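Below: the structure, in structure tokens.
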Amino acid sequence: MYAFLSELLSDKKGGAIFSCFGFWHLCYMFVAVVVAVTVIVCVKKKDRETKQKVSSLFINAAFGLYIADFFLMPFAYGKIDVEKLPFHVCTAMCVMCFWSRHSAFLGRYRRQFALLGFLSNLVYLIYPAGLMWYQVQPFSYRVIQTLLFHGLMTIYGLLVLLFDEAGFAWKRCYRDLAVLVCMTLWALLGNTLYNGQAWGHTNQFNWFFVTQDPFYLVPEHIAPYIMPFLNVIVFFVAELLVYVIYFAVKRTGREG
């Protein structure tokens, strides 16, 4: 059984290789857009309970896929990939989005988690740089699992932003900043705990890009002191831009 699952899930090399903005990447994005539009159109006029159930369906699927990945990674990669621990914003927001639907306290931040999860997962869905490092075929488990996860998280975030009763309010945007600060501190904790050398292995993680600039524009020796603040600023500005778009569309709808 182990040999069968390992052969089924392991990286497939040679032949057509998954590439950013290549044919198969565009196909994956097209499917995500079609699913998102179809779901939005179908639930737009439904009652609040139905919208909540559909949103829960997507975050439950994303969370289930994330957890299942830890059990399948030994077959696919021969090990459990430590980098997939929930210290990156995409995976951390999956956990928090799921938890926020089962906790009264965290439920107050459901839209904030969804917004940050939507932006981070959408960016990765559009530019899955991590997948290109492995040079694998488009239907390898690694590609399917990664893009399916980010697609589910993107659609979930969109559903919450469009239909959640909490909605947007400028007076509550401080919560978005608070979530970003907590995410940064969480990522710093992860990098501090797991980076280093032991047992003949050296770990160099960069969860939430708080230790190094992913674009290598900030010098390496000062990046750890700048990136935590820069990340918060960039993501907070992006979230405020979503606020602006939301209220602009809402005002246009009233005037129309």
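Since the structure is predicted, the reported quantities are computational estimates derived from the model, not experimental observations.
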(request) Go through the steps for Arg111 and Asp176 under the test side-chain contact (heavy atoms from CB on, under 4.5 Å), then give the verdict. (result) CA-CA 9 Å; Arg111 191 199 54 74; Asp176 295 280; 3.2 Å; yes

(request) May I have the step-by-step check of side-chain contact (heavy atoms from CB on, under 4.5 Å) for Lys12 and Val136, ending in yes or no? (result) CA-CA 5 Å; Lys12 305 298 186 293; Val136 296; 5.8 Å; no

(request) Check the pair Leu85 / Phe70 against side-chain contact (heavy atoms from CB on, under 4.5 Å), numbers first and verdict last. (result) CA-CA 9 Å; Leu85 289 174; Phe70 283 95; 4.2 Å; yes

(request) Show your reasoning for whether side-chain contact (heavy atoms from CB on, under 4.5 Å) applies to Val89 and Leu119. (result) CA-CA 10 Å; Val89 62; Leu119 289 174; over 6 Å; no

(message) Go through it in stages, so that I can follow the logic: the residues are Asn121 and Tyr156, the test is side-chain hydrogen bond (donor to acceptor under 3.5 Å, both in side chains), and I'd like the CA-CA distance, side-chain angles, deciding distance and then a yes or no.
(response) CA-CA 10 Å; Asn121 282 278; Tyr156 167 76; over 6 Å; no

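Looking only at side-chain heavy atoms (C-beta outward), Glu239 and Leu180 come within less than 4.5 Å of each other. Side-chain contact between Pro128 and Cys20: present, with at least one pair of heavy atoms (C-beta onward) separated by less than 4.5 Å. The shortest side-chain heavy-atom distance between Glu83 and Trp207 falls under the 4.5 Å cut-off. Taking the side chain as every heavy atom from C-beta outward, Tyr28 and Phe18 approach each other to under 4.5 Å. At a threshold of 4.5 Å between non-hydrogen side-chain atoms, the residues Val160 and Arg101 count as touching. Taking the side chain as every heavy atom from C-beta outward, Val232 and Pro228 never approach each other to under 4.5 Å. Contact annotation: the side chain of Leu147 approaches that of Leu131 to within less than 4.5 Å [non-hydrogen atoms, C-beta and beyond]. At least one side-chain heavy atom of Ile59 sits less than 4.5 Å from a side-chain heavy atom of Met153.
In this structure, the side chain of Ser6 does not engage the main chain of Ala3 through any donor-acceptor pair within 3.5 Å. With hydrogens and angles ignored, the 3.5 Å screen pairs no side-chain donor or acceptor of Gln137 with any backbone N or O of Gly15. The backbone N or O of Ser120 sits nowhere less than 3.5 Å from a side-chain atom of His150 that would complete a donor-acceptor pair. Not a single donor-acceptor pair under 3.5 Å links the side chain of Trp99 to the backbone N or O of Leu106.
Remark: Ile245 CD1 to Leu161 CG distance equals 11.0 Å, nearest 0.5 Å. Atom OG1 in Thr154 sits 5.5 Å away from atom CG in Leu122 (nearest 0.5 Å). A distance of 4.5 Å separates SG of Cys173 from CZ of Phe236, quoted to the nearest 0.5 Å. Taking CZ from Phe209 and NE2 from His88, the interatomic distance works out to 5.5 Å, rounded to the nearest 0.5 Å. To the nearest 0.5 Å, the span separating CZ on Phe98 from OG on Ser103 amounts to 12.0 Å. Once rounded to the nearest 0.5 Å, the distance linking CH2 of Trp170 with OH of Tyr246 reads 12.0 Å.
Listed here is the closest heavy atom pair of Asn195 and Asn203: OD1-O, 3.4 Å. What you find for Pro138 and Ala16 is that their closest heavy atoms are CD-O, 3.2 Å. Minimum interatomic distance between Ser19 and His25 (heavy atoms only, all atoms of both residues): O-CB, 3.4 Å. Of all the heavy atoms in Ile80 and Met73, the pair that sits closest is CG2-CE, 3.9 Å. The shortest non-hydrogen separation linking Ile126 to Met29 is CA-SD, 3.8 Å. The two atoms that bring Ala223 and Thr211 nearest to each other are CB-O, 3.8 Å, heavy atoms only.
In the displayed structure, Tyr174 atom OH is contacted under 6.0 Å by more than 12 heavy atoms of other residues, nucleotides or ligands. With a 6.0 Å radius and a threshold of 12 heavy atoms from other residues, nucleotides or ligands, Lys53 has its NZ atom at or below the threshold. Within a 6.0 Å radius of OH in Tyr2, other residues, nucleotides and ligands contribute more than 12 heavy atoms. Other residues, nucleotides and ligands place more than 12 heavy atoms under 6.0 Å from the CZ atom of Phe21. Shown here is Trp133, whose CH2 atom has no more than 12 heavy atoms of other residues, nucleotides or ligands within 6.0 Å.
When hydrophobic clusters are built by joining Ile, Leu, Val, Met, Phe, Trp and Tyr residues whose side-chain heavy atoms come closer than 4.5 Å, directly or via intermediates, Leu162 is grouped together with Val35. At a threshold of 4.5 Å between side-chain heavy atoms, the hydrophobic network of Ile, Leu, Val, Met, Phe, Trp and Tyr places Phe235 and Leu240 in one connected group. In this structure, Val123 is not a member of the same hydrophobic cluster as Leu230, with clusters built from ILVMFWY side-chain heavy atoms closer than 4.5 Å. Linking ILVMFWY side-chain heavy atoms closer than 4.5 Å, directly or via other members, places Leu241 and Val249 in a single hydrophobic cluster.
When each of Val179, Thr184, Leu185 is paired with Val181, the side-chain contact (heavy atoms from CB on, under 4.5 Å) condition holds for Leu185 and for no other.
Residues Phe208 and Trp186 keep their aromatic ring centres 6.0 Å or farther apart.
Contact check on Asp164 versus Lys51 returns no salt bridge, with no Lys/Arg side-chain nitrogen under 4.0 Å from an Asp/Glu carboxylate oxygen. The existence of a salt bridge linking Arg142 and Asp11 is confirmed by a sub-4.0 Å separation between a basic side-chain nitrogen and an acidic carboxylate oxygen.
Between Phe205 and Tyr194, the angle of the ring planes goes over 60°, which puts this pair in the perpendicular group of the 30/60° scheme. Phe168 and Phe247 have perpendicular rings, their planes meeting at more than 60° on a 0 to 90° scale where under 30° would count as parallel.
With hydrogens and angles left out, the side-chain atoms of Gln112 and Arg172 include no donor and acceptor closer than 3.5 Å. Between the side chains of Tyr141 and Asp69, at least one donor N or O lies within less than 3.5 Å of an accepting N or O.
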